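Worksheet for the structure shown next.
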Amino acid sequence: MQRDHVYISELGEHVGAEVTLRGWLSQKRSSGKIRFLVLRDGTGFVQCIAFVKNVSPETFEAAGQLSLESSLVVRGTVKADARAKGGYEIDVRELELIGDGGEFPIQPKEHGVEFLFDNRHLYLRSRTPQAVLRIRNEVVQACRDFFYERGFVLIDSPILTPAACEGTTTLFETDYFGQQAFLAQSGQLYLEPACMAFGKVYCFGPTFRAEKSKTRRHLTEFWMIEPEVAFLELAGLLDLAEEFVSYIVARVLDRCAEPLEFLERDTSGLEQIAAPFPRMTYDQAAEILRGEEAQKRMREAGAPPFEYGGDLGALDETILTEGKDLPLAITHWPKEIKSFYMQPAEDDPDKVLGLDLLAPEGYGEIIGGSQRIHDHDLLEQRIREHDLPMEAFQWYLETRRYGTVPHSGFGMGIERVVTWLCGIAHLREAIPYPRQIHRLYP
RNA sequence: UGCUCAGAAGCUCAAUGGCGAGCAGCCGGCUGUUAACCGGAAGGCAGUGGGUUCGACUCCCACCUGGGCAGCCA
């Protein structure tokens with residue numbers, strides 16, 4: 001493509017030459033005879049210097065008048081300068097204002113959470129969101145590459161779904177031409193039939209949970225990537241999950257050094273990550289959580305004590321993973337606390353072949369999955385036990401009626417992974433426009 | 001939904017029951033700044049409603065709005 005301008009990331013190829021840059025004014029400082037304009041164009045930042053003797057009086061005056069976030073065309077000479085961040089500066093010859101920045105609400109200073117997210121559409125221009133969202137971009141691309149390279153076929157699942165798959169309380173309800181419909185909370189039920197057609201499939205899209213969660217680990221709309229594989233059993237699923245996570249981490253370390261550094265992410269732990277990960281059963285985890293040490297921690301934190309048979313709480317997950325570099329896989333869960341479609345363990349029918357993968361450093365669950373029940377009658381029985389509307393599951397049951405095979409899959413929350421890799425505190429930073437119980441704007 | 005914290009200038013925050021500052025914006029100064037610096041003017045019915053008091057941003061009650069934590073889960 002023929003261009004008459006260059007990007008900031010390309011400045012190294014143009015040292016000594018006069019170039020045209022296009023972007024936004026991200027910072028400015030001025031003195032009597034010299035003005036510093038920091039330009040941002042999406043590929044980087046560069047400081048442009050307007051010196052009174054090198055530009056016309058009009059241009060010098062204009063450089064002083066510019067407000068933050070004004071869009072600009074800058075013409076000037078590229079100079080290598082040791083004083084410059086990034087190594088280059090622009091000796092400005094000419095400035096052209098495209099759009100005045102006005103009184104830009106986001107200032108180079110601290111702001112409150114509410115203000116920043118009320119202004120998320122403008123906050124995206126700041127460095128921190130850009131670093132996080134670039135890492136998100138890499139995570140998503142790595143996921144797609146991983147599955148593509150291994151012959152998985154992308155099967156997009158519907159977002160508008162007819163009936164409650166796992167109970168309606170956590171689903172957003174909507175009206176579908178007079179019929180009740182729900183926003184999907186998982187593509188899994190649609191992937192299981194698809195894996196009987198393509199063998200290895202995955203879906204990747206937004207999913208919706210109407211839970212009134214108010215924590216740093218929850219969004220009402222988030223992105224989940226879900227593989228589903230025919231003839232795969234729990235052991236193979238563990239291998240797949242570990243290989244998958246290792247691949248993503250390696251890709252981000254390889255290609256996102258700059259944003260990781262900007263976020264001041266200590267990557268020493270991430271660099272250790274490679275399959276296999278430590279694995280334990282629910283019973284083994286319970287053993288640790290019922291230990292003296294763990295119980296004491298829970299009392300001190302005022303957290304509810306762990307009880308055998310129950311799900312893991314946030315502190316439980318932290319106790320199991322803190323100080324560890326590798327994620328932790330937990331399998332063989334009590335069937336009462338897991339979904340109806342999970343395959344029972346052969347040697348212990350009270351346990352199901354579920355898999356949770358906990359990120360290290362207390363970042364919590366990033367993957368949840370299982371081997372699925374492939375026996376028609378057993379699945380039908382489970383649907384009945386869970387008081388689910390049998391008629392809504394007829395098509396799902398048919399996967400088991402016609403040439404059923406053991407199969408397994410999992411879902412990975414993209415924002416959870418991004419939050420962990422970035423080492424940031426809150427999931428809302430990891431998605432461009434977060435949706436939370438108290439946030440539907442912008 | 002429960003517990004907890006907080007609502008004051010466009011933004012971020014001080015102040016024993018008797019209203020202040022920084023940043024942004026405006027005016028002016030400075031040839032190397034890195035959230036630049038220096039000077040000046042301007043900017044306020046303190047979330048809403050009630051109560052206590054000579055007097056309430058401050059103490060009490062209710063409500064509203066949001067943050068943090070918990071549960072639920074990715």
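Chain naming here is simple, since letters A, B, ... match the order of the sequence lines and numbering starts at 1 in each. The model shown is predicted, which means the values in this text are computed figures rather than measured ones.
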If the [atom1] atom of [N] is compared with that of [M], how far apart are they to the nearest Å?
N	M	atom1	result
B:A9	B:C45	C1'	13 Å
B:C19	B:A14	C1'	11 Å
B:U53	B:G39	C1'	43 Å
B:A15	B:A21	P	15 Å
B:G25	B:G50	C1'	38 Å
B:U16	B:U58	C1'	9 Å
B:A36	B:G22	C1'	15 Å
B:G2	B:A42	P	48 Å

Please pick, from [options], the nucleotide with the shortest atom-to-atom distance to any side-chain atom of [X].
X	options	value
A:M224	B:A74, B:C72, B:U31	B:A74
A:E114	B:U65, B:G68, B:G32	B:U65
A:K109	B:G32, B:C72, B:C23	B:C23
A:F222	B:C72, B:G22, B:A74	B:A74
A:S213	B:G32, B:G71, B:C73	B:G71
A:K214	B:G67, B:C73, B:U12	B:G67

Decide, yes or no, whether a salt bridge links [X] with [Y] under the criterion of side-chain N to carboxylate O below 4.0 Å.
X	Y	result
A:E258	A:R134	no
A:D81	A:R83	yes
A:E322	A:R297	yes

Would you please confirm or rule out a distance under 4.0 Å between OP1 or OP2 of [N] and any side-chain N or O of [X]?
X	N	value
A:R428	B:G68	yes
A:H438	B:G66	yes
A:Q27	B:A36	yes
A:H111	B:A24	no
A:R29	B:U33	no
A:K33	B:U31	yes

Any strand: nucleotide that pairs with [N] via Watson-Crick or wobble, under 3.5 Å:
N	result
B:A36	none
B:C3	B:G68
B:U58	none
B:A15	none

Does [X] make a side-chain donor-acceptor contact with the base of [N], cut-off 3.5 Å?
X	N	result
A:E89	B:G32	yes
A:Q107	B:U12	no
A:T170	B:C72	no
A:R416	B:C73	yes
A:K212	B:G71	no

Quiz item: Mapping A:V113 and A:S31 onto RNA chain B by nearest heavy atom, which one lands closer to the 5' end?
Solution: A:S31
Practice problem: Name the residue closer to the 5' end of RNA chain B, choosing between A:L315 and A:G411 according to the nucleotide with the nearest heavy atom. | Solution: A:L315
So what does [X] hit on the nucleic acid, given a heavy-atom distance under 4.0 Å: a base, only sugar-phosphate, or nothing?
X	result
A:F36	base
A:Q65	nothing
A:F51	base
A:L219	base
A:I106	nothing
A:R217	base
A:T207	nothing
A:M412	nothing
A:E110	base
A:G112	sugar-phosphate

Exercise. Let me see the working for A:K53 and A:D91 under salt bridge (charged side-chain N to carboxylate O under 4.0 Å, His left out), right down to the final yes or no.
Key: CA-CA 11 Å; A:K53 288 183 182 164; A:D91 189 14; over 6 Å; no
Exercise. Verify whether the ring centers belonging to A:F152 and A:F146 lie closer than 6.0 Å.
Key: no
Self-check item: Euclidean distance, atom CD of residue A:E103 to atom C1' of B:A9 [Å, nearest integer]
Solution: 12 Å
Practice problem: Could you check how far CG of A:L122 sits from P of B:C11, rounded to whole Å? | Solution: 14 Å
Quiz item: What pairs of residues pass the side-chain hydrogen bond (donor to acceptor under 3.5 Å, both in side chains) test when at least one of them lies in residues 432-442 of chain A, not counting sequence neighbours?
Solution: A:D118-A:R439
Can you give each donor-acceptor pair under 3.5 Å made by side-chain atoms of residues 100-109 of chain A, sequence neighbours left out, with the distance rounded to 0.1 Å?
from   : atom 1 : to     : atom 2 : distance (Å)
A:D100 : OD1    : A:S67  : OG     : 3.0
A:D100 : OD2    : A:G102 : N      : 3.2

Exercise. Check the side chains of A:Y341 and A:E192 for a donor-acceptor pair under 3.5 angstrom, ignoring hydrogens and angles.
Key: no
Quiz item: Is A:R120 reaching over with its side chain to a backbone N or O of A:P442, donor-acceptor style, under 3.5 angstrom?
Solution: no
